[in-house]
Amino acid sequence: MNLSTNNLREIIDINKLTWLLALVCLLSLFLFLGDTLFNTRGEPREAVVALSMLKEGNWVLPINNGIDMAYKPPFFHWLVALCSLPFGTVTEYSSRMPSAIALSMMTLAGFRFYARRRGAGLALISSLILLSNFEVHRAGVACRVDMVLTCMMVLSLYALYQWTERGMKRVPWLAVLCLSGAFLTKGPVGAALPCLVVLVYCWMRGLGLWQPLLKLIGVGLLSCVLPMAWYVAAWREGGDKFLHLIYEENVLRLLGKMSYDSHVNPWTYNVMTVVAGMVPYTLLALMTLFVVEWRKLRWNKSSLKVQLHSCWERVQGMDRTRLFSLLSLVIIFVFYCIPKSKRSVYLLPIYPFLAYFMAECVVWLKENHGRVLAVFCWTLVGISALLTLAFISLRIGIIPEQIVNHGRHAAENLAMYNALAHAPLTMMGWVAMLMPVLAIALYAKNGRKSPLMGMFILVFSIFFALDGLYQPLVLNTKSDLCVAQYVEQLAPKGRIYSFRTDFTPGNPLHPFTANFYLGDRVVPFEAFHPQEGLLLVGNDDIEAFEQRYPTLRTTLVKDFHRRSCDDHKYIKLYRFQPLTSAHD
């Protein structure tokens with residue numbers, strides 16, 4: 001009876017903490033999703049696919065930018081379109097909702113997964129670290145496929161692990177659905193990689209190799225059913241062009257044989273991105289190195305073979321959940337070191353497991369080296385105070401604009417300066433600015449009693465201020481929304497044409513941001529060859545256009561004197577029409 005009572009209390013505690021964590025997700029992810037305009041080509045490039053779905057009604061293989069098929073399967077775009085239905089169109093907020101929801105789901109699922117196996121306290125710390133590191137937070141508030149893919153992969157890992165706890169009996173339908181979602185988000189790797197992790201885990205736990213392999217093959221095949229239904233439907237619409245695109249994105253990308261270079265980096269790039277991505281906890285990890293008792297970790301005089309065997313036995317003897325977490329982290333990281341194409345977001349699936357081990361480190365520091373946590377927290381206090389003081393100094397004119405009004409990008413720097421110094425603040429903007437100040441006051445009063453709570457309050461307050469005030473003010477100056485608004489006034493209907501000289505087969509560059517804000521009306525000139533209209537070009541592209549099309553006359557309509565946030569070329573708008581005479 002006593003055991004069942006304790007179990008009941010533990011379940012109640014986990015449920016209460018789940019609701020508390022859900023509130024943290026809501027406050028840290030959803031409040032400011034729509035405040036920052038699209039200011040890179042990645043977000044509008046994904047959002048415009050969902051926009052095309054809603055406009056044209058084609059949810060299988062929509063065409064955007066006039067001629068482009070989506071480069072990735074449609075699960076993420078379906079989610080964006082569904083989230084946008086209540087708004088009537090795709091907005092910055094609705095397009096980022098799937099990522100925020102995915103991160104929230106992954107965080108809550110991870111908390112319950114670790115709480116039942118490693119304790120609610122450690123699980124809560126792990127979940128808060130996951131929510132508040134730079135790489136994960138950035139992906140969780142962006143209109144990109146990566147967080148949805150990560151959520152599906154990590155949830156499938158949790159579900160497959162639970163399946164192994166049940167002796168791998170029956171069909172793990174939740175895992176199958178999550179693997180299908182990962183497959184439909186970014187291709188077969190999303191489904192294959194979790195199965196590989198679980199296969200290695202089964203082997204290292206002494207559960208055999210061939211029997212788990214056959215069962216995982218069955219799970220993998222089931223997870224292909226829904227994606228293959230879409231692939232067949234998309235092939236019927238897109239034909240050979242679609243097949244070539246899928247082959248290049250899923251096979252040639254892994255082999256490093258794409259028709260164009262895409263994020264080619266050495267394996268050390270992955271190490272650096274993880275170090276940068278775990279900020280601010282990277283700083284805490286570095287501080288921990290100074291208190292580790294290195295003498296106990298000395299390499300003894302045994303042979304290398306004996307040392308490796310001893311290490312192997314220690315790994316095999318780990319707690320099952322810790323071993324699973326370690327394998328998930330290592331295997332996914334090593335896998336993404338193999339292809340030439342490397343990006344920091346590819347490694348997002350390792351962050352829940354990295355956060356778990358970081359949580360173990362934090363607990364160890366609290367119990368043995370509380371001063372390290374205190375130094376880290378006071379460092380956060382200094383960062384928060386410096387951030388607030390710098391902003392106040394800008395607002396009252398202590399920092400002059402001359403410090404930014406020089407160099408190649410003086411105009412852009414000045415625009416950011418003016419936004420920070422003079423833009424009117426909303427009520428939530430004031431709240432965001434004052435949040436780090438409140439966090440400092442709370443830590444100064446109660447930091448010794450509750451160091452971990454103080455640490456997380458400080459970290460989350462910094463992210464709150466960045467999301468709610470500083471980031472929108474700075475990044476909105478980079479957006480091409482102003483270009484789209486000017487063009488919209490000149491031509492509220494019909495196509496707008498673009499021309500780029502640095503066209504790359506397989507990876508065309510378009511004015512993605514302006515195209516989104518113009519309702520997917522910007523199309524490549526070469527695809528339609530019109531005789532008159534408006535033309536968006538960058539830098540000296542107009543010279544190449546006039547040489548290539550000598551029968552058309554161009555007239556400058558607007559020099560925006562700003563670099564596009566898509567390709568960093570200075571944007572100009574021209575009107576073109578046929579020459580009226582030989583003299584012209």
Side-chain angles (χ1 to χ4, degrees), residues 40 42 103 106 110 125-126 128-140 142 144-147 149-151 153-154 157 186 189-190 192-194 196-197 200-201 204 253-256 258 261-292 294 297 299 304 307-308 311-312 314-315 318 322-362 364-365 372 376 379-380 383 459 463:
T40 63
L103 177 52
M106 184 175 71
I125 295 171
S126 172
L128 293 175
I129 291 174
L130 176 63
L131 266 178
S132 58
N133 66 77
F134 171 75
E135 189 67 48
V136 171
H137 182 81
R138 179 178 67 164
R144 302 299 297 267
V145 305
D146 305 290
M147 184 49 68
L149 171 68
T150 299
C151 176
M153 291 178 66
V154 172
L157 282 167
K186 210 171 182 180
V189 171
L193 200 47
L196 174 63
V197 171
V200 176
Y201 167 77
M204 291 195 67
R253 181 181 290 274
L254 287 175
L255 297 176
M258 300 182 71
D261 289 336
S262 177
H263 311 293
V264 176
N265 291 292
W267 69 270
T268 52
Y269 171 85
N270 282 348
V271 177
M272 293 185 294
T273 57
V274 172
V275 170
M278 277 299 290
V279 168
Y281 302 103
T282 303
L283 178 60
L284 181 59
L286 291 174
M287 292 179 178
T288 304
L289 296 178
F290 291 97
V291 296
V292 172
W294 295 104
L297 302 177
W299 188 272
L304 178 61
Q307 290 290 335
L308 291 176
C311 181
W312 180 260
R314 286 198 298 271
V315 171
M318 292 174 67
R322 296 183 77 240
L323 174 62
F324 172 74
S325 302
L326 180 64
L327 289 175
S328 299
L329 194 163
V330 172
I331 292 173
I332 294 173
F333 179 85
V334 171
F335 176 85
Y336 281 114
C337 286
I338 298 172
K340 291 183 178 180
S341 179
K342 298 177 181 67
R343 294 181 63 214
S344 61
V345 292
Y346 294 170
L347 295 173
L348 280 170
I350 75 171
Y351 279 81
F353 309 105
L354 194 59
Y356 167 76
F357 288 109
M358 191 69 223
E360 287 192 342
C361 175
V362 168
W364 178 77
L365 287 173
V372 175
F376 176 63
T379 303
L380 293 174
I383 294 171
V459 172
F463 278 106

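Side-chain atoms are counted along with the backbone in the values below, which use heavy atoms only and exclude waters and symmetry mates.
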Distance-only side-chain donor-acceptor flag, Ser132 / Tyr281, under 3.5 Å | yes
Chi angles and distances behind the side chain to side chain contact (heavy atoms under 4.5 Å, CB included) call for Tyr356, Leu329 | CA-CA 10 Å; Tyr356 167 76; Leu329 194 163; over 6 Å; no
Heavy-atom side-chain contact between Cys151 and Leu103 under 4.5 Å = no
Nearest heavy-atom contact between Ser325 and Phe353 is O-CB, 3.6 Å
So do His137 and Leu131 actually touch side chain to side chain, heavy atoms under 4.5 Å?
-> no
Hey, does Leu196 have a side-chain heavy atom less than 4.5 Å from the side chain of Ile331?
-> yes
Apply the test side chain to side chain contact (heavy atoms under 4.5 Å, CB included) to residues Phe335 and Val189: give CA-CA distance (whole Å), side-chain angles for both, the deciding distance (0.1 Å), then the verdict.
-> CA-CA 10 Å; Phe335 176 85; Val189 171; 3.8 Å; yes
Do Phe376 and Leu365 pass the side chain to side chain contact (heavy atoms under 4.5 Å, CB included) test, and can you show the C-alpha distance, the side-chain angles, and the key distance before you say yes or no?
-> CA-CA 11 Å; Phe376 176 63; Leu365 287 173; over 6 Å; no
Indicate yes or no for a side-chain donor-acceptor contact from Thr282 to the backbone of Val275 under 3.5 Å, with no hydrogens or angles considered.
-> yes
Quick one: does Met278's side chain get under 4.5 Å of Ile129's, heavy atoms only?
-> yes
Partner residues of Trp364 under the ring pair (Phe, Tyr, Trp, His ring centres under 6.0 Å) criterion, sequence neighbours left out = His369
Can you name the salt bridge (charged side-chain N to carboxylate O under 4.0 Å, His left out) partners of Arg138, sequence neighbours left out?
-> Glu135
Pairwise distance CZ(Phe333) to CG(Leu354) - rounded to 0.5 angstrom = 10.0 Å
In Å and rounded to the nearest 0.5 Å, what is the OG1 to CZ distance from Thr40 to Arg144?
-> 6.5 Å
Which atom names give the shortest non-hydrogen contact between Val197 and Ser328, and what distance separates them?
-> CG1-OG, 3.4 Å
Looking at Asn133 and Gly277, what are the two nearest heavy atoms and their distance?
-> OD1-O, 3.3 Å
Hey, does the side chain of Asp146 reach the backbone of Val345 with a donor-acceptor pair shorter than 3.5 angstrom?
-> no
To the nearest 0.5 Å, atom SG of Cys337 lies from atom CD1 of Ile332 at 12.0 Å
Which pair of heavy atoms, one from Val136 and one from Leu130, lies closest together, and at what distance?
-> CG1-O, 3.3 Å
pair Arg322-Phe357: side-chain heavy atoms closer than 4.5 Å = yes
How far apart are the closest heavy atoms of Pro349 and Val154, and which atoms are they?
-> O-CG2, 3.9 Å
Looking only at heavy atoms, the pair that brings Pro352 and Met106 closest together is CG-SD, 3.9 Å
Could you give me the CA-CA distance, side-chain angles and deciding distance for Trp267 and Ile338, then say whether side chain to side chain contact (heavy atoms under 4.5 Å, CB included) is met?
-> CA-CA 7 Å; Trp267 69 270; Ile338 298 172; over 6 Å; no
CG/Leu284 to OG1/Thr379 distance, rounded to the nearest 0.5 angstrom?
-> 9.5 Å
Side chain to side chain, Phe324 and Leu157, heavy atoms closer than 4.5 Å = yes
To the nearest 0.5 angstrom, please state how far the OG atom of Ser126 sits from the CD atom of Glu360.
-> 9.0 Å
Check: Asn270 side chain, Leu347 main-chain N or O, donor-acceptor pair, under 3.5 Å = no
Minimum side-chain heavy-atom gap Ser341-Tyr346 below 4.5 Å | yes
Are side-chain heavy atoms of Leu326 and Met318 found at a separation under 4.5 Å?
-> yes
